[in-house]
Protein chains: 2
Amino acid sequence: MSEQQPPNRRARLREQTTAEIKATALELMAAGGPDAIALRAIAREMGMTAGAVYSYFATRDDLVTTLIGDVYTAAVASAESARDAVSDADPGARIMAWALAMRGWALENPEGFRLVYGDPVPGYQAPEEGAGKEAELRACTGLLDLVAAAWPTAAALQSDSRRYEWTDFDPVLAAHAQADFPGLPPEALALTLRVWGRMHGLVALEIYGHLRALAHDPAAVYRDEMEDLVASLGLGAGAGAETETETE
Amino acid sequence: MSEQQPPNRRARLREQTTAEIKATALELMAAGGPDAIALRAIAREMGMTAGAVYSYFATRDDLVTTLIGDVYTAAVASAESARDAVSDADPGARIMAWALAMRGWALENPEGFRLVYGDPVPGYQAPEEGAGKEAELRACTGLLDLVAAAWPTAAALQSDSRRYEWTDFDPVLAAHAQADFPGLPPEALALTLRVWGRMHGLVALEIYGHLRALAHDPAAVYRDEMEDLVASLGLGAGAGAETETETE
DNA sequence: CCTTATATTGAACGCCGTGTAGTAATTTAA
DNA sequence: TTAAATTACTACACGGCGTTCAATATAAGG
């Protein structure tokens, strides 16, 4: 019970209660979907009144925004670590690792996926900036790293019918690309977004229940698709892809 | 005002009111998203009481299910007609037509897309069968037709690392494939689902606002991705792909 | 005409997010 | 230490939601 942090005891209690609110909200979400994130239910669960929550979050949407930032950040972090567990020498395997990590996270936290990539909650409007936006940018830069590593082999395989400019993209993302990968053309950024979409599509269909009724082993279909993606970048899947496929 | 149909005048009134409820629901949805589909709001708009709607739909979820069926069916029909407006002789262009029609529909009816492919409404659970399921199957068979037409050139480009059986897929879809395309292997069905996912991914990201902040011309990115898809099936985009790209 | 089925109303219940006034506790300043 | 200000919280109210139910009006069929 000895206080070690300089800040007030009050501030520590506040931080603790804030964390409990978020944790309770995530529990409710895991149990009943993003719609179950109700201030009254959270307060009830915590033995508080609904109004008390307003001392911590000005509105329910503020809480949801915070949760999106947390969940999204955790998802991206897990994808990053999965990717970095594979050697730089095998860019194809690194892409596979990222893709499988993202799908694995989505299957383990389907409600989190809905929260981040769907309509989180009735009437919610995502803010222009914040932790969620940062996590999204971090996801894109993570993918950009992968695409940049593949670019030497992928460039020749791209159709050159359409040209892009750096100004076609988000300034922050474009600046990051130019700074970290000098010589990389803006077309690589377009390819990054396409890769993102390709990784996202099957997972979104699966999480929202459109795939499970049609295919008994969505994991195999997804793996096939990702192998085709890696091949389309002129890379081999490498030896790192020898993992399970029938798992759920 | 002369009755021509044998059914009761009452039955006709019922049908008419049912249609008005659905139309009002779609208006509300277009204005405020799927969450705006509220029985009380519909009734208010129609000068009724909320309870009266229960004579037509046993529950709000029943209404939503009906709407999903209608909207999904309309979307698939528009994709089919766009596809069939292109000659059989150019399978690649037919695929492009389908993809662009689906994306166009999604951009014109973003709330409809959310209704069909997202969480339509708090706590909604999609039924196992019904018009929505039929529309989904129709979408898949429509895509299967496209993939089957591409199979002669696409087969050789597929990785043969993974084999599928017909029993890996929905029985109805598998039966349709075997009946309509004798000689087509089950791997083509897996490819169909992968194509579906690839067409869906970027659109889903765009509709839910993840792409607009990052790329100023999502249409160009999507078109690139679809051209790559067509090429990956061993097809050329053909002459039919010469349409606008900067449009919104 | 009379009985039966159906459409509709109005009120109620229990959820929800949100605001407000008042109260108790803690922090800060004097 | 005491007084003032900030903060956390409760209790209550408002309007909206889906849903149920008893009562009532209307049309259908015999």
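Below, all heavy atoms of this structure are taken into account, side chains as well, without hydrogens, waters or symmetry copies.
Interatomic distance, CG of Asp170(A) versus CD of Glu136(A), reported as 10.0 Å (0.5 Å rounding). How far CG of Leu189(B) is from CH2 of Trp166(B): 5.0 Å, rounded to the nearest 0.5 Å. The distance from atom CZ of Arg198(A) to atom CD of Glu225(A), rounded to the nearest 0.5 Å, is 4.0 Å. Separating the CG atom in Leu193(A) from the CG atom in Leu173(A) is a distance of 7.0 Å, to the nearest 0.5 Å. Note that OG1 of Thr66(B) and OH of Tyr56(B) are 14.5 Å apart. Values are rounded to the nearest 0.5 Å. Atom CD of Gln125(B) and atom OG1 of Thr65(B) lie 10.5 Å apart (nearest 0.5 Å).
Atom-to-atom, CZ of Arg44(B) to C1' of dG10(C) comes out at 16 Å; the value is rounded to the nearest Å. Per the geometry, CE belonging to Met48(B) stands 16 Å off C1' belonging to dA25(D), to the nearest Å. Taking atom CD on Glu45(B) and atom P on dG16(D), their separation rounds to 14 Å, with Å as the unit.
Between the side chain of Arg83(A) and the main chain of Gly142(A), a donor-acceptor pair closer than 3.5 Å is present. Checked by atom type and distance alone, the side chain of Arg14(B) pairs as donor or acceptor with a backbone atom of Ser55(B) at under 3.5 Å.
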Output a table of nitrogen or oxygen pairs between the protein and nucleotides 26-28 of chain D separated by less than 3.5 Å.
unit_1  : atom_1 : unit_2   : atom_2 : d
dA27(D) : O4'    : Arg10(B) : NH1    : 3.4
dA27(D) : N3     : Arg10(B) : NH1    : 3.3
dA28(D) : OP1    : Arg10(B) : N      : 3.2

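Residues of residues 14-42 of chain B having a heavy atom closer than 4.0 Å to DNA chain C, listed by number: Arg14(B), Arg40(B). Using a 4.0 Å cut-off on heavy atoms, the residues of residues 56-67 of chain B that approach DNA chain D are Thr59(B), Arg60(B), listed by number.
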Evaluate side-chain contact (heavy atoms from CB on, under 4.5 Å) for Leu107(B) paired with Glu206(B), printing each intermediate quantity in order.
CA-CA 9 Å; Leu107(B) 287 183; Glu206(B) 182 175 1; 3.6 Å; yes

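Nearer to the 5' terminus of DNA chain C, by closest-nucleotide assignment, is the contact made by Gly47(B) (compared with the other of Gly47(B) and Ala50(A)).
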Under 3.5 Å, sequence neighbours excluded: what are the donor-acceptor pairs made by side chains of residues 21-42 of chain A?
unit_1   : atom_1 : unit_2    : atom_2 : d
Lys22(A) : NZ     : Asp70(A)  : OD2    : 2.9
Thr24(A) : OG1    : Glu20(A)  : O      : 2.7
Asp35(A) : OD2    : Gly123(B) : N      : 3.2

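Contact check, Tyr54(A) against dT18(C): a side-chain N or O comes under 4.0 Å of OP1 or OP2.
Take Phe113(A) and apply the ring pair (Phe, Tyr, Trp, His ring centres under 6.0 Å) test, not counting sequence neighbours, and it matches Tyr117(A), His200(A).
Using cut-offs of 30° and 60° on the angle between ring planes, the pair His210(B) and Trp196(A) is perpendicular.
For the pair Met96(B)/Arg223(B), a side-chain contact is recorded, criterion being any heavy-atom separation below 4.5 Å from C-beta on.
The strand DNA chain D forms stems, runs of 3 or more Watson-Crick or G-U wobble pairs with distances below 3.5 Å, at C:4-30 with D:1-27.
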